[in-house]
Protein chains: 2
Amino acid sequence: MTEKDECCSNIPDCCDMRGLLSFSILWLLTKRDMYGQELAEELGKMRGKRPNPGTLYPALQELEKRGLVEARKEGRKKFYVLAESGRMGVVEACEYFCTVYADIFREYGADE
Amino acid sequence: MTEKDECCSNIPDCCDMRGLLSFSILWLLTKRDMYGQELAEELGKMRGKRPNPGTLYPALQELEKRGLVEARKEGRKKFYVLAESGRMGVVEACEYFCTVYADIFREYGADE
DNA sequence: ATCTATATATTGGATACCCAATATGTTTAT
DNA sequence: ATAAACATATTGGGTATCCAATATATAGAT
């Protein structure tokens, strides 16, 4: 608790680690439907920093436009739901991702 | 073995998985010094596709400019070597990376 | 009604990464 | 010396992600 607020805040300054936002969003949506601010919070927990609205909302619109997610409004909240193609795509993407970076995880992941 | 040539060629079309090039380069250089074409080949094995020269060389120049790698010429080959700051940075980056995507690896990585 | 908090969205600008195509050197072979 | 092969590099154009700052719209409280 003397640490930062959430999970990992050791954001490296050597490589900016940009990328994989859409991938992370799709993966989070396999857990449950979420609206924008929930996604922002979960992304913040994962990566140590919430994405800015100017980053998040265009990404969501793009995923919606491509038919990977669908939106359902509830009051002022707009819940994003994985579409059929998104659900298949994200599994494929996760498998690819894990294969590509398997060695890195073998060395630095695992415990802790 | 009936599969594709190298490791993973199931490049997903749902999310483009762009990003992490500099990170991957730094990580490869923890294994051994490499020149451009070697890096291109190793990146091709990792990700299923070699980066184009117009992608790779600017990235290498940027890493050199920022002092994370140093270059040593041997004939026509230009070997890239992790600099001090690069070696520390890449460990930090690997730990960050593994923390951020730990859950995805737990689900889709591990065996196979 | 009006104020506040919440949630979505846009604007403008920057950087990293991606490509195809082409150009410039440097060895090696003939 | 000239050609072929190898390696590095550049050009021009595109997309995804990143930011700070601002705008709009809805809901709940008073």
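Order of the sequence lines fixes the chain letters, A, B, ..., with proteins taken first and strands second; residue numbering starts at 1 for each chain. What you see below is based on every heavy atom in this structure, not just the backbone, and it leaves out hydrogens, waters and symmetry mates. Quick caveat, the model's predicted, so the values are computed rather than measured.
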Walk me through whether B:C14 and A:F23 qualify under side-chain contact (heavy atoms from CB on, under 4.5 Å). CA-CA 8 Å; B:C14 100; A:F23 172 58; over 6 Å; no
Euclidean distance, atom [atom1] of residue [X] to atom [atom2] of [N] [Å, nearest integer]:
X     : N      : atom1 : atom2 : result
A:Q61 : D:dT15 : CD    : P     : 16 Å
A:I11 : D:dC18 : CD1   : P     : 10 Å
A:R72 : C:dT8  : CZ    : P     : 12 Å
A:L56 : C:dT11 : CG    : C1'   : 16 Å
B:Q37 : C:dT26 : CD    : P     : 16 Å
A:L63 : D:dA16 : CG    : C1'   : 11 Å
B:K65 : C:dT15 : NZ    : P     : 9 Å
A:K77 : C:dT6  : NZ    : P     : 11 Å

For residues B:V100 and A:M46, report the shortest heavy-atom separation together with the two atoms involved.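 Closest approach of B:V100 to A:M46: CG2-O, 3.3 Å.
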Do the side-chain N or O atoms of B:K78 get closer than 4.0 angstrom to the phosphate oxygens (OP1, OP2) of C:dT26?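 So the side chain of B:K78 is outside the cut-off, no N or O lying under 4.0 Å from OP1 or OP2 of C:dT26.
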Contact under 4.0 Å: B:Y57 side-chain N or O vs D:dT10 OP1/OP2: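 No, because none of the side-chain N or O atoms of B:Y57 sits under 4.0 Å from OP1 or OP2 of D:dT10.
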So, B:F97 versus A:F97, ring centres under 6.0 angstrom or not?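 Ring-ring flag for B:F97/A:F97: true, centres closer than 6.0 Å.
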With rounding to the nearest 0.5 angstrom, report the [atom1] to [atom2] distance, [X] to [Y].
X     : Y     : atom1 : atom2 : value
A:C15 : B:L63 : SG    : CG    : 8.0 Å
A:D13 : B:E92 : CG    : CD    : 5.5 Å
B:L29 : B:D33 : CG    : CG    : 7.0 Å

For nucleotides 16-23 of chain C, read 5' to 3', which letter fits each nucleotide if B means a protein heavy atom sits under 4.0 Å from the base, S means only the sugar-phosphate is that close, and - means neither? SBBBBB--
Any chance CD of B:E84 has more than 12 other-residue heavy atoms, nucleotides or ligands included, within less than 6.0 Å?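 Atom CD in B:E84 is not crowded, with 12 or fewer foreign heavy atoms closer than 6.0 Å.
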Do NZ/NE/NH1/NH2 and the carboxylate oxygens of B:R32 and B:E38 come within less than 4.0 Å?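 So B:R32 pairs with B:E38 through a salt bridge.
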Find every protein N or O atom lying less than 3.5 Å from an N or O atom of nucleotides 23-30 of chain D, and list the pairs.
| unit_1 | atom_1 | unit_2 | atom_2 | d |
| --- | --- | --- | --- | --- |
| D:dT26 | O2 | A:R76 | NH1 | 3.2 |

For B:R50, what residues pass the side chain to side chain contact (heavy atoms under 4.5 Å, CB included) criterion, not counting sequence neighbours?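 In terms of side chain to side chain contact (heavy atoms under 4.5 Å, CB included), with neighbours along the sequence ignored, B:R50 is linked to B:Q37, B:A40, B:E41.
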